Amino acid sequence: MAADGRATEIVVIGGGTAGVRLAQRLAADATANADAPATAVTLLGEEPHAPYNRVLLGEVLAGRYGPDVISLPPAPGTVRRGVRAVRIDRAERLVRCDDGSVVPYDRLVLATGSNPVLPALRGLRQPERGGLPAGVHSFRTMDDCLALSAEVRPGTRAVVIGGGLLGVSAARALAERGAQVVLAQQGEYLMERQLDRAGSLLLRRHLESWGVEVHTECRVRGLVLDDVEDDPDHGPSSDPGSDPGHGPGRLAAVELADGFRLDAELTVLACGVRPRTGLARDAGLDVRRGIVVDDELRTSDPYIHAIGDCAEHGDRLYGLAGAAIEQADALARSLTAGPASGRAARYTGTRALTRLTLAALGGHAPQVPPTERPSGPLDLAAFGETTPRPGDDVVQLTDATRGAYRKVVVRGDRLVGGVLLGDLTTIGALARTWEDDEPLPPTTPLLHLLTPDGGS
């Protein structure tokens with residue numbers, strides 16, 4: 001409660017997973033804790049859409065879900081959509097928005113998320129045309145997803161630049177829509193942050209069996225645009241029924257570093273993300289790679305907190321939904337703790353597990369005969385350190401017939417990481433063992449870590 005006896009005004013900037021989860025937990029904790037101070041929550045969301053689960057954008061692009069299906073449960077309090085915070089007045093504790101409104105706060109929470117990284121490619125920036133060239137898309141927001149979805153057709157030539165989690169999801173979704181997809185990854189193998197080489201090769205085989213052409217160690221140099229000028233008398237075509245694959249200034253090809261050109265009508269930029277820190281930096285907060293926070297998720301201003309993709313805790317950026325949720329929960333406990341509760345709500349870090357399900361190919365995809373498609377989805381999970389150090393013990397099981405791969409890394413008496421593809425029957429037990437960080441039983445053979453029945 002504020003010093004004058006009124007409810008504490010908590011303003012959350014950001015309508016994604018972190019911001020919505022915080023609003024939900026603040027309401028739930030206040031209800032459960034009779035001694036909790038009264039709070040009033042205002043959530044400012046820059047996007048006009050209802051808050052949604054960003055992880056499932058690939059399913060929307062694939063046509064499996066409608067946008068409404070991936071909406072998050074409604075956030076309690078006041079939710080303002082389509083409003084962008086443009087300045088923080090720390091002295092007056094005010095947030096100034098692009099619509100001219102001013103929102104006062106007692107506590108401010110920055111859950112501003114991250115922006116897609118736009119690589120340094122020739123022909124990428126088209127300021128005279130309002131940003132990216134026609135046919136070139138980032139893939140981070142619902143608007144990105146809907147714009148891309150509106151252009152893809154069966155047979156559309158599409159190039160996805162970037163072979164991380166987002167790029168793999170986008171390539172798989174475009175293949176589901178029947179596009180002819182090329183995935184260009186600069187690194188040695190796909191999903192380098194999560195997978196080891198063997199797991200990545202298995203993932204690559206799955207993508208290729210779905211009709212995706214994969215190129216690793218492949219650097220993109222630039223974009224080639226149609227150089228036909230707009231008709232000065234009539235301007236660019238505005239016919240909604242016109243072919244979206246042609247037109248002045250549109251993407252025509254993607255040029256690789258060796259000079260080879262990939263014909264392309266669509267390109268998806270999936271080159272990673274960068275924390276959105278501009279608002280915090282302009283307000284004079286401590287910003288390094290992200291907005292620096294302590295174990296109570298406070299920034300350098302004690303009245304301002306940060307959670308989610310934009311927050312840097314212990315020199316680490318997570319960029320994962322699991323970490324955003326844990327941070328939101330910890331901050332909610334701290335903000336709703338009554339003076340006599342004695343609850344220490346400290347955030348000490350997240351042991352994050354990555355999961356991805358690539359559904360069995362259906363829909364269009366005429367370039368992949370149904371008899372040659374994988375019979376089921378590809379499930380993937382990765383956690384901890386998947387690359388062993390000298391002296392570590394490694395256990396691997398590979399089932400080439402079923403396309404399954406399992407691996408764990410053990411350091412001393414601790415499970416430190418693992419990768420599972422195609423068969424996740426043991427992931428629950430493995431994840432609990434890893435998250436608890438307890439010693440492994442000395443009499444248990446390591447192979448039993450990968451067998452659902454304990455090896456019996």
Side-chain angles (χ1 to χ4, degrees), residues 10-30 39 41-47 49-57 70-81 83-85 88 95 103 105 107-116 140-142 165-166 272-280 283 285 287 289-299 301 303-314 316-336 345-355:
I10 299 176
V11 176
V12 183
I13 301 177
T17 297
V20 171
R21 176 73 174 200
L22 176 63
Q24 292 168 343
R25 293 310 310 170
L26 284 170
D29 288 358
T39 60
V41 179
T42 299
L43 189 147
L44 305 176
E46 185 172 331
E47 295 187 54
H49 310 282
Y52 56 88
N53 185 345
R54 202 178 302 276
V55 175
L56 295 176
L57 283 176
I70 69 169
S71 295
L72 296 171
T78 302
V79 178
R80 298 180 59 192
R81 302 183 197 170
V83 176
R84 184 169 63 90
I88 300 169
V95 176
V103 185
Y105 68 86
R107 296 282 185 147
L108 177 63
V109 181
L110 302 177
T112 49
S114 53
N115 283 328
R140 182 64 179 164
T141 68
M142 181 63 75
L165 182 63
L166 189 63
V273 295
R274 182 176 293 116
R276 294 186 65 179
T277 60
L279 200 60
L285 300 178
V287 175
R289 290 181 302 156
I291 305 169
V292 178
V293 296
D294 62 15
D295 287 353
E296 295 182 32
L297 298 163
R298 291 178 302 192
T299 68
D301 183 324
Y303 297 100
I304 303 178
H305 305 259
I307 57 175
D309 288 6
C310 67
E312 178 179 341
H313 174 266
R316 184 170 180 183
L317 294 166
Y318 287 96
L320 295 169
I325 289 171
E326 289 190 13
Q327 291 170 2
D329 290 352
L331 181 56
R333 289 193 300 272
S334 177
L335 294 176
T336 58
R346 301 183 71 82
Y347 174 74
T348 57
T350 295
R351 295 172 71 81
L353 181 147
T354 298
R355 287 194 68 159

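As the structure is a computational prediction, the values presented were derived from the model and not from experiment. Counting begins at 1 with the first residue of the sequence. Reckoned from all heavy atoms, side chains included, excluding hydrogens, waters and symmetry mates.
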Query raised in the report: At what distance, to the nearest 0.5 angstrom, does CZ of Arg54 lie from CD1 of Ile70?
Result: 9.0 Å
Report task. State, yes or no, whether a side-chain contact exists between Asn115 and Arg140 at a heavy-atom distance under 4.5 Å. Result -> no
Report task. Take Asp329 and Arg21 through the test side-chain contact (heavy atoms from CB on, under 4.5 Å) and record every step on the way to the result. Result -> CA-CA 7 Å; Asp329 290 352; Arg21 176 73 174 200; 2.7 Å; yes
Query raised in the report: Hey, what do you get for CG (Leu353) to CG (Leu320), rounding to the nearest 0.5 Å?
Result: 9.5 Å
Query - Asp309 vs Leu317 side-chain heavy atoms within contact, under 4.5 Å - result: no
Query - Residue pair Pro275 / Cys310: nearest heavy atoms and the distance that separates them - result: CB-CA, 3.9 Å
**Report entry** Exercise: do Gln327 and Tyr318 side chains pair donor with acceptor under 3.5 Å
**Finding:** no
Query - Inter-residue atom distance Arg333.CZ - Glu296.CD, 0.5 Å rounding - result: 12.0 Å
Report task. State the CG-CZ distance between Leu26 and Arg107, to the nearest 0.5 angstrom. Result -> 11.5 Å
**Report entry** Flag for Thr336-Arg25: side-chain donor and acceptor within less than 3.5 Å
**Finding:** no
Report task. Taking the side chain as every heavy atom from C-beta outward, state whether Gln24 and Pro73 have any atom pair closer than 4.5 Å. Result -> yes
Requested in this report: Answer with yes or no whether the side chains of Thr350 and Glu326 bring together a donor and an acceptor at under 3.5 Å.
Outcome: yes
Report summary line: Heavy-atom closest pair (Ile307 atom, Ala18 atom, distance to 0.1 Å) is CD1-O, 3.6 Å
Report task. Would you indicate whether the side-chain heavy atoms of Thr141 and Tyr52 approach each other to under 4.5 Å? Result -> yes
Query - Passing option when Leu110 is tested against Leu285, Val11, Val12, Thr277 for side-chain contact (heavy atoms from CB on, under 4.5 Å) - result: Leu285
Query raised in the report: Rounded to the nearest 0.5 Å, what separation is found between the OH atom of Tyr347 and the CG atom of Leu331?
Result: 12.0 Å
Requested in this report: Would you indicate whether the side-chain heavy atoms of Thr42 and Tyr105 approach each other to under 4.5 Å?
Outcome: no
Report summary line: Rounded to the nearest 0.5 angstrom, the CG-CZ distance for Leu44 and Arg81 is 13.5 Å
Query raised in the report: Quick one: are Thr348 and His313 in side-chain contact, heavy atoms under 4.5 Å?
Result: no
